[in-house]
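Data block below; observations after.
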Amino acid sequence: MARDPDYGAFVDKFVLELTSSAHDQPLQGLTFAVKDIFDMEGYVTGFGHPDWARTHSAATSTAPAVLVVLRGGATCVGRTVMDEMAYSIDGENIHYGTPINPCASDRVPGGSSSGSAVAVGAKIVDFSLGTDTGGSVRVPASYCGILGFRPSYDAVPSAGVVPLAQSFDTVGWFARDPVILSRVGHILLQSPVMDPIKPSQVIIAEDCFQLSYIPNDRLGQVLVKSVEKIYGGHILKHTVLGDYVKEKVPSLEHFTSKDIKELENNIPSLAALSNAMRSLERYEFKDNHGEWITTVKPELGPGISGRVWKAVRTTGENVDACHSVKTELHAALSTLLQDFGILAIPTVPGPPPKLQTDPAALEIFRAKAFSLLSIAGVSGFCQVSIPLGMYDNLPVAVSLLAKQGSDAFLLNVVESLYGTLKEQVEITEK
């Protein structure tokens, strides 16, 4: 049992609800927590760093994404710890402490929406809000054994949210239950509840599954058997995604170095995709926060410090090529999936790393992770990370992606598949 009953998930605890006489409150009775990157009227948005909180005043209004779930009848119980300036996928914070991973207390919870994922995983709240730029909802969802949804780019308003990099920032959410994930999603997306549509195809990215340290019978095959049981095997397709991306996204040549071509542990075209994404992310981060960083010179944790100062020094070359990569990948994946196709990949390459692992030791793992995470990040497609129980006492997850704007469809697919996935995990573990 964790020493802290709240698992170190919160920066502030309070109770906030909107009194309403409206009958239609689909989130009535549910509690939620909010990442400390969203403005909430009367509170200083901390952005994961005490110096940020010290140099900024209290918000005068509440972010629309928070307001809409409050209006839906949910009760907010606090604001959660996040990685400094949202610039990490690990979940460790030297200032506020690292939230305790409820699945594995000696492992990182994943970031940057660490506290939001932990609050859901530890059953403190029913759902929570986070943000996902490079993987900050999908990674902690995977590490904490819960559902995490990164919506289509621009599908949920990001007003009142401190930006990391506007070309990739999204407002995402976590839940333990697919029905709650869906209910929250329909409120945030302002989309009507629709009848489920059967996927036209489920494409297994074979090369992406080969990046995983988890045996395929415990990852890819669990999904394949579940799809066969629910929808029939005829909709299953297999692809080598790296080859397809290499052929269809010519602008990646700007981001393919000699080192990438010789990669043994990665997929060269997806590594180049990750390079393009992180290049544009650095440029936009510098534009947003470079002046504050050089003026305040905040103390930053290991790993994050190097990333932040590399961003501050970036020149912004290749920005046009980054935007071309985005356009080309969006078109290529739209053609591949069409309207009701699903792409399946591992969320991350393996289980959560141990706490306080030397950043240099994580380089190969992080490079693989960003190759997988950049697919939705660059294309703007929606992605959901789905827990597949534990393997070697550590959480495992798979991800499904759908075309930009197909969020409601993807939420319905999760609801349909979730129970069968759990059954398949149990069968596999026997």
Side-chain angles (χ1 to χ4, degrees), residues 138 142 149-150 152 178 196-212 214-250 252 266-271 273 328-349 368 371-386 388 396-425 427-428:
R138 294 162 288 167
S142 172
F149 199 93
R150 175 197 163 97
S152 297
I197 296 170
K198 181 179 167 180
S200 55
Q201 51 180 344
V202 175
I203 301 173
I204 310 291
E206 295 283 2
D207 50 340
C208 293
F209 279 94
Q210 286 165 14
L211 288 183
S212 178
I214 310 294
N216 197 43
D217 67 328
R218 202 42 201 77
L219 193 62
Q221 281 308 302
V222 167
L223 176 65
V224 164
K225 286 172 182 169
S226 302
V227 169
E228 284 173 345
K229 186 172 178 183
I230 295 285
Y231 301 117
H234 64 285
I235 70 166
L236 281 160
K237 306 277 193 306
H238 297 264
T239 192
V240 178
L241 189 66
D243 290 352
Y244 181 80
V245 168
K246 182 182 179 184
E247 181 193 342
K248 301 291 184 182
V249 188
L252 279 177
N266 213 331
I267 298 165
S269 61
L270 298 188
L273 193 65
E328 291 164 9
L329 183 70
H330 182 277
L333 292 186
S334 298
T335 301
L336 180 69
L337 294 186
Q338 298 172 350
D339 283 342
F340 298 108
I342 296 279
L343 177 68
I345 61 171
T347 305
V348 284
K368 285 184 174 185
S371 289
L372 296 167
L373 294 163
S374 61
I375 298 164
V378 177
S379 65
F381 281 29
C382 48
Q383 178 174 344
V384 62
S385 181
I386 306 174
L388 295 182
V396 179
V398 71
S399 268
L400 304 179
L401 287 79
K403 190 174 154 183
Q404 185 168 4
S406 298
D407 305 64
F409 159 68
L410 186 58
L411 286 165
N412 280 339
V413 170
V414 178
E415 278 195 70
S416 301
L417 271 175
Y418 191 74
T420 308
L421 283 166
K422 286 184 81 170
E423 285 168 19
Q424 285 299 331
V425 168
I427 292 166
T428 311

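Everything numeric in this text was worked out from a predicted model, so none of it was measured. Only this structure's heavy atoms are used, side chains among them; waters, hydrogens and symmetry mates stay out.
Note that the CZ atom of Phe381 and the CG atom of Leu343 stand 9.0 Å from one another [nearest 0.5 Å]. From Ile345, atom CD1 reaches atom CD1 of Ile203 across 12.5 Å, with rounding to the nearest 0.5 Å. Between Leu401 atom CG and Ser379 atom OG the span is 6.5 Å, to the nearest 0.5 Å.
Looking at heavy atoms from C-beta onward, Leu410 lies out of side-chain contact with Lys403 at the 4.5 angstrom threshold. When side chains are defined from C-beta on, Pro268 does not count as touching Lys246, because their heavy atoms never get closer than 4.5 Å. Contact of the Pro346 side chain with the Leu372 side chain is registered, since non-hydrogen atoms from C-beta on lie closer than 4.5 Å.
In this structure, Gln424 contributes its side chain and Gln221 its backbone to no donor-acceptor pair below 3.5 Å.
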- prompt: Taking it one step at a time, do Ile267 and Leu273 satisfy side-chain contact (heavy atoms from CB on, under 4.5 Å)?
  reply: CA-CA 10 Å; Ile267 298 165; Leu273 193 65; over 6 Å; no

task: Show the numbers, then the answer: is there a side-chain contact (heavy atoms from CB on, under 4.5 Å) between Ser416 and Tyr231?
output: CA-CA 10 Å; Ser416 301; Tyr231 301 117; 3.3 Å; yes

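Checked by atom type, the side-chain pair Ser226/Thr420 shows no donor-acceptor distance below 3.5 Å. Residues Ser385 and Thr347 bring a donor and an acceptor atom of their side chains to less than 3.5 Å of each other.
The only member of Leu417, Val202, Leu421 that meets side-chain contact (heavy atoms from CB on, under 4.5 Å) when paired with Ile230 is Leu417.
Counting heavy-atom neighbours within 6.0 Å of Lys237 NZ, excluding the residue itself, gives a total above 12.
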